[in-house]
Amino acid sequence: IGIMEINIISAETLGTRSLATFVECKNINILIDPGVALGPRFGLMPHEIEYEELYKARRKVEEISNFADIICITHYHYDHYTPFWDKIDNLWTFANYESAKKIYSNKIVYLKDYYNNINFSQRERANEFIPKLKKVAKEIKIADEKEEKFNSVKLKFSKAVPHGEENTPLGYVIMVIIEESGEKFIFGSDIEGPMSKTTCDLIIREKPDFLLLSGPPLYLVGSKVRIENFNKGIENLKMLCKYIPNLIVDHHLLRSSEALNYINELKTIAESYNNKVMLVAEKERKNINMLEAKRRELYKSIPLSEKFKKWLNNKQGLPIEIDLK
C-alpha cells in the first residue's frame, strides 16, 4: 500500500470478533477500535481454541498500542473498544483495567460522540468508560465530522451513520478516513454492508483506495435482522465492488460459513471492474480461521481439555494466568 501501511490485528476470519486495525503513516500511527471479543453461538460457549485466539489477540492489541500515537473508537461495543473493568471478564473479552490502561495511556483518543446520535446502552457504556479514560489518556476528543492534519496525513471522521439499517436499535457508528500522499483508507466499521444507501453513497463520494467494513449479519437473519435488510447490505456491497479498488469485507458477515458464497460472488463482480475483494485473513496473508462459524464442528472434532472444562464450569473463569495457550 504505498506510504500508508494497514495492519488488521484481528477479525472473524482470524478467529475473534474484532476489526482492530493499526495504520502506520510516515509521521503518525493510528490504532482504530482496539477491542476483541467472543460471543455466544449455537447455544454453545466459545470453544477452547477460540479462547486461545482471544488471549493472543488481546495481547497483540496491547502490544501494538505501544506504537500508536492516536486511538480512534467508532462506537461503544465491546469488540470495538476495551473497557476499564476492575474485575477481568473471562467469558467474552479478557478485558480489565490493566489491559485498558496499557492501550490508552498517554494517547490522543478520538471518540464517537457520547451525547448525540447514540442509543441507551452505548451511552451507558460511554458514561462508565470516559471518566476512567480521562485519567490515563493524553487527550480525548469527540470525533464526529472532525478533520485534523498531521503534516502529510489528513485524519477525518464521518458523521454518525447507522450500525446497519436506518433507525436500527443498535445505534450509530462513525467511519475513519485516513489520507496520505493521495492515498485514502476508510475504516467503515459496523455499517453492515452498508445496509444504508446514504452510507453507501457517502463512501463512493470519498473514493477510497482501500475500504474495510463489516458485511451484513447473515447469522441474525430471521431473528434480529430482516432478510430484505440483509439483501440491501449485499446489494450495496455489490455496488461498492464497482467503485473501490480494494474492498476488505469481514466481521458480522463472516460469523457464518455460508458467507463465503457471497464473498466469492463479490470477488467475481469486483474482478470484472479490475477491483479486488478480500477477507481480512487474505489481506494479512494468513489462513482463514472462522472459528465462531465452525463452533459446532470444533466441539465435535476437538475434545476439550479437563483443565478447560473445569474453567468453563466455574463460569466466572479462573484468572487469565491459567494460560489458555
Criterion side-chain contact (heavy atoms from CB on, under 4.5 Å) on Ile70 and Ile28, from CA distance to verdict = CA-CA 8 Å; Ile70 288 170; Ile28 201 147; 3.6 Å; yes
Taking NZ, NE, NH1 and NH2 as the nitrogens, is one of them in Lys156 or Glu206 under 4.0 Å from a carboxylate oxygen of the other?
-> yes
Please answer whether the main-chain N or O of Leu91 pairs with a side-chain N or O of Asp89 as donor and acceptor at a distance below 3.5 Å.
-> yes
Should Lys232 and Glu165 count as an ion pair when the cut-off is N to O under 4.0 Å?
-> no
Closest non-hydrogen atoms of Pro46 and Gly39, given as atom of the first, atom of the second and distance, are CG-O, 4.0 Å
Are the aromatic rings of Trp85 and Phe94 close, with centres under 6.0 Å apart?
-> no
Are Ile174 and Ile177 co-members of a hydrophobic cluster defined by side-chain heavy atoms under 4.5 Å apart?
-> no
Rounded to the nearest 0.5 angstrom, the CD-CZ distance for Glu128 and Arg125 is 9.5 Å
Approximate separation, where rounding is to 0.5 Å, of Met4 CE and Ile178 CD1 | 6.5 Å
Is Ile191 reachable from Tyr219 through a run of I, L, V, M, F, W or Y residues, each pair having side-chain heavy atoms under 4.5 Å apart?
-> yes
Could you tell me the separation between the OG1 atom of Thr268 and the NZ atom of Lys238, rounded to the nearest 0.5 Å?
-> 10.5 Å
Between Thr13 and Asp250: side-chain donor-acceptor atoms closer than 3.5 Å = yes
Assess the pair Tyr262 and Phe230: is the distance between their ring centroids shorter than 6.0 Å?
-> yes
Donor-acceptor under 3.5 Å (Ser18 side chain, Ala20 main chain) = yes
Arg17 backbone acceptor or donor facing Asp79 side chain under 3.5 Å | no
Can a salt bridge be assigned to the pair Glu306 and Lys309 using a cut-off of 4.0 Å between side-chain N and carboxylate O?
-> yes
Thinking salt bridges, do Glu63 and Lys60 make one under a 4.0 Å N-O criterion?
-> no
When you look at Arg58 and Ile103, which way does the side-chain contact (heavy atoms from CB on, under 4.5 Å) test go after all the steps?
-> CA-CA 10 Å; Arg58 175 144 299 284; Ile103 292 166; 4.1 Å; yes
Given the rule in the ring pair (Phe, Tyr, Trp, His ring centres under 6.0 Å) test, do Phe308 and Tyr51 qualify, once you have shown the distances and angles that lead to the verdict?
-> CA-CA 10 Å; Phe308 180 75; Tyr51 279 108; 5.6 Å; yes
Electrostatic pair Lys197:Asp201 at N-O distance under 4.0 angstrom | yes
Glu180 backbone acceptor or donor facing Glu183 side chain under 3.5 Å = no
Please report the shortest heavy-atom distance between Ser196 and Glu166, naming the atom on each side.
-> OG-OE2, 2.7 Å
In Å, rounded to the nearest 0.5 Å, how long is the span from CG of Leu254 to CG of Leu218?
-> 10.0 Å
Taking the side chain from Thr168 and the backbone from Gly164, do they hold a donor-acceptor pair closer than 3.5 Å?
-> no
SB check Glu62 Arg59 (cutoff 4.0 Å) | yes
Tell me whether Ile234 is reachable from Leu212 by hopping between hydrophobic residues (I, L, V, M, F, W, Y) whose side-chain heavy atoms are closer than 4.5 Å.
-> no
With sequence neighbours excluded, tell me which residues meet side-chain contact (heavy atoms from CB on, under 4.5 Å) with Glu179.
-> Lys154, Lys184
Please check if atom OH in Tyr97 has more than 12 non-hydrogen atoms from other residues, nucleotides or ligands closer than 6.0 Å.
-> yes
Go through the steps to decide whether Thr21 and Leu31 satisfy the test side-chain contact (heavy atoms from CB on, under 4.5 Å), and finish with yes or no.
-> CA-CA 6 Å; Thr21 299; Leu31 174 60; over 6 Å; no
Ion pair Arg255/Glu12, N-O distance below 4.0 Å | yes
For the pair Glu282 (side chain) and Leu279 (backbone), establish whether a donor and an acceptor sit closer than 3.5 Å, ignoring hydrogens and angles.
-> yes
Do Asn275 side-chain atoms and Cys241 backbone N/O form a donor-acceptor pair below 3.5 Å?
-> yes
Please assess Val153 against Lys26 for the test side-chain contact (heavy atoms from CB on, under 4.5 Å), listing each intermediate value before the final yes or no.
-> CA-CA 8 Å; Val153 178; Lys26 195 174 177 186; 5.8 Å; no
Should we say atom NZ of Lys294 is surrounded by more than 12 heavy atoms from elsewhere, each under 6.0 Å from it?
-> yes
State whether a side-chain donor-acceptor pair under 3.5 Å links Asn7 with Glu284.
-> no
Look at the side chain of Arg296 and the backbone N and O of Phe42, then say whether any donor-acceptor pair between them is shorter than 3.5 Å.
-> no
Donor + acceptor pair across side chains of Thr82, Ser99 (<3.5 Å) | no
Is there a donor-acceptor pair under 3.5 Å between the side chain of Ser214 and the backbone N or O of Ser189?
-> no
Asn264 atom CG, over 12 foreign heavy atoms within 6.0 Å | yes
Mutual orientation of the aromatic rings belonging to His251 and His80 [parallel < 30°, tilted 30-60°, perpendicular > 60°] | perpendicular
Answer yes if the side chains of Glu48 and Ser305 hold a donor-acceptor pair under 3.5 Å, and no otherwise.
-> yes
Could you state the interatomic distance from CD1 (Ile73) to CD1 (Ile130), rounded to the nearest 0.5 Å?
-> 7.0 Å
Pairing of Asp144 and Lys112 as salt bridge, 4.0 angstrom limit = yes
Is there a donor-acceptor contact under 3.5 Å from the side chain of Arg295 to the main chain of Leu44?
-> yes
Would you kindly confirm whether Val277 and Met195 end up in one hydrophobic cluster when ILVMFWY residues are joined by side chain heavy atoms under 4.5 Å apart?
-> yes
Given the rule in the ring pair (Phe, Tyr, Trp, His ring centres under 6.0 Å) test, do His163 and Tyr172 qualify, once you have shown the distances and angles that lead to the verdict?
-> CA-CA 5 Å; His163 186 297; Tyr172 295 83; 10.0 Å; no
Can you get from Leu170 to Leu213 by hopping between Ile, Leu, Val, Met, Phe, Trp and Tyr side chains that sit under 4.5 Å apart?
-> no
Test ring pair (Phe, Tyr, Trp, His ring centres under 6.0 Å) applied to Tyr110 and Phe187, Phe157, Tyr104, the passing residue = Phe157
Is the Tyr81-Tyr76 ring centre distance short of 6.0 angstrom?
-> yes
